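What follows is a set of notes on a single structure, which appears directly below.
Numbering of ligands and ligand atoms starts at 1, following listing order. Note that the coordinates shown come from a computational prediction; the quantities given were computed from them, not determined experimentally.
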Amino acid sequence: MALNDINNDGARYAFICTWHDPMTDITWRYQFMYHTNDQSIEMYDIKNQKTFLKRVAYPAITLEQLYIGSTILVYTRQLLIEDYGDEFTRKHLRGLQETTCAMIKPDAICNAGKILECITRNGLLIKHMRMCQLSRKQAEEFYNVHQGKPFYESLIQLISNGPVIAMELVGENALCRWRLLLGPTSTEVARIKAPSSIRAQFGTDTTMNACHGSDSHENARIETLFFFRCWNMGMSARFRNCTLCIIRPHAVMSGCAGAILDRILCQFDVTAMELTQFSRHAAADFLAVYQGICPDFCSMTHELASGDFIILEIVDKENPCSNPVNKFREFCGPADSCIARALRPRSLRAEFGINKVKNAVHCTDIPDDGELEVGYMFTHQWEGR
Ligand code: ADP
Ligand code: MG
């Protein structure tokens, strides 16, 4: 049974969630309940043993978002799902929320947008994502099982010579489904046996075969830890002659991130990339320059804290030593997507945005701020504030 089928099965699913209160530095634990028939939620305060939130319809949350490690926004609180809350939920959802580790290899970075689209279209969710520049030593650690094989040296060269994009994917049967989407190891074989597979479409030869996928649950766990154990693992950001792009939560949630990235990669190089999230406090801090100037400040803050978003370090493809801030702003179009559709119908915000607040992407506004904003986001300066 797929998640889609149980979206309205009349069941109640329970999770253990935590919320960290930045004012008091206390972490609260809740039993969080989700009713599929009317998309309602309720919350129970575990420490004080009392109802915290009475059952209320909350259609902004769907069952797909409720997996271990996910962060959800309930009114103004960001809750981290830490565990299943009862055996019924564990039994029903665990198999549907399997995780695996995926990697886009350097030869397919130019097709990363199309590969993300393929992931989303096939119902897999991206739980973690980060672009990394692996050192030779790190590449050897990742592929140590292949040491001594004839292709080992070219494999290590390939994955340490340019950035890779590592991902943790979640979904029903994620490990097998991702391997099926990849197709056979050899691109040539893939083109014959599975012509619509990722390796057939985006691979070059047997070594440069576009993507990696874990081959067992144990390896999925080890590989995920390898890439995501700390935030600065293999950081690829250059912090020079760059500008910041944020693919906003609403665009990520609606599955547009791949298409947006694909459009960007036609004209710009992406030299760093990460899936991340903000607390409301961090979102307000980042957008502080708009406070008092922009009447939409509160809704902008709410949107930015509403879910995962993708940060990108953008560099001008044709002229990588120039300041790309103005060129990228032009490419994004007017801040209000409705105006963008009238004036610049081919711009990113015209195509993927909805209105002024949900305008698909943030881009750095002032030429002097590109490197500053990239530095702030990619060195996680908002954390621990
Ligand atoms: P997979 O990536 O499909 O799990 P393996 O784990 O066997 O395949 O190999 C790891 C990677 O090593 C492959 O994705 C490919 O890049 C490279 N490789 C494997 N076999 C060969 C080969 N016979 N010739 C060249 N490169 C190979
Ligand atoms: Mg393998």
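The distance between the ring centers of H146 and Y152 does not fall below 6.0 angstrom.
In the displayed structure, R346 atom CZ is contacted under 6.0 Å by at most 12 heavy atoms of other residues, nucleotides or ligands. Surrounding NZ of K149 are more than 12 heavy atoms belonging to other residues, nucleotides or ligands, all under 6.0 Å away.
In summary, the side chains of D45 and N48 do present a donor paired with an acceptor at a separation below 3.5 Å, with no hydrogens or angles considered. No hydrogens or angles considered: a donor-acceptor pair under 3.5 Å links the side chains of Q138 and S135.
Close approach of ligand 1 to K105 (heavy-atom distance below 4.0 Å) involves ligand atoms 13 (C), 14 (O), 15 (C), 16 (O). Counting atoms of ligand 1 from 1 in the listed order, those under 4.0 Å from a heavy atom of N209 are 13 (C), 14 (O), 15 (C), 16 (O).
For atom 3 (O) of ligand 1, the closest non-hydrogen atom of the protein is T185 OG1, 2.6 Å. Among all protein heavy atoms, the one lying closest to atom 21 (C) of ligand 1 is F151 CD2, 3.3 Å. From the protein, the heavy atom lying nearest to atom 4 (O) of ligand 1 is R179 NH1, 2.9 Å. The nearest heavy-atom contact from the protein to atom 7 (O) of ligand 1 is H146 CE1, 3.7 Å. The closest protein non-hydrogen atom to atom 26 (N) of ligand 1 is T207 OG1, 2.8 Å. For atom 24 (N) of ligand 1, the nearest protein heavy atom (residue, atom name, distance) is T206 CG2, 3.6 Å.
If you look at M208 next to ligand 1, there are no close heavy atoms at all, none under 4.0 Å.
Side-chain atoms of S279 come within 3.5 Å of backbone atoms of A282 as a donor-acceptor pair (strictly under, hydrogens ignored). Checked by atom type and distance alone, the side chain of D86 pairs as donor or acceptor with a backbone atom of T89 at under 3.5 Å.
Heavy-atom distances between L155 and ligand 1 reach below 4.0 Å in at least one pair. Not a single heavy atom of K149 sits less than 4.0 Å from an atom of ligand 1. Residue-ligand proximity: R199 is placed with a non-hydrogen atom under 4.0 Å from ligand 1.
In this structure, the salt bridge (Lys or Arg N to Asp or Glu O under 4.0 Å) partners of R136, at least two apart in sequence or on a different chain, are E140, E153.
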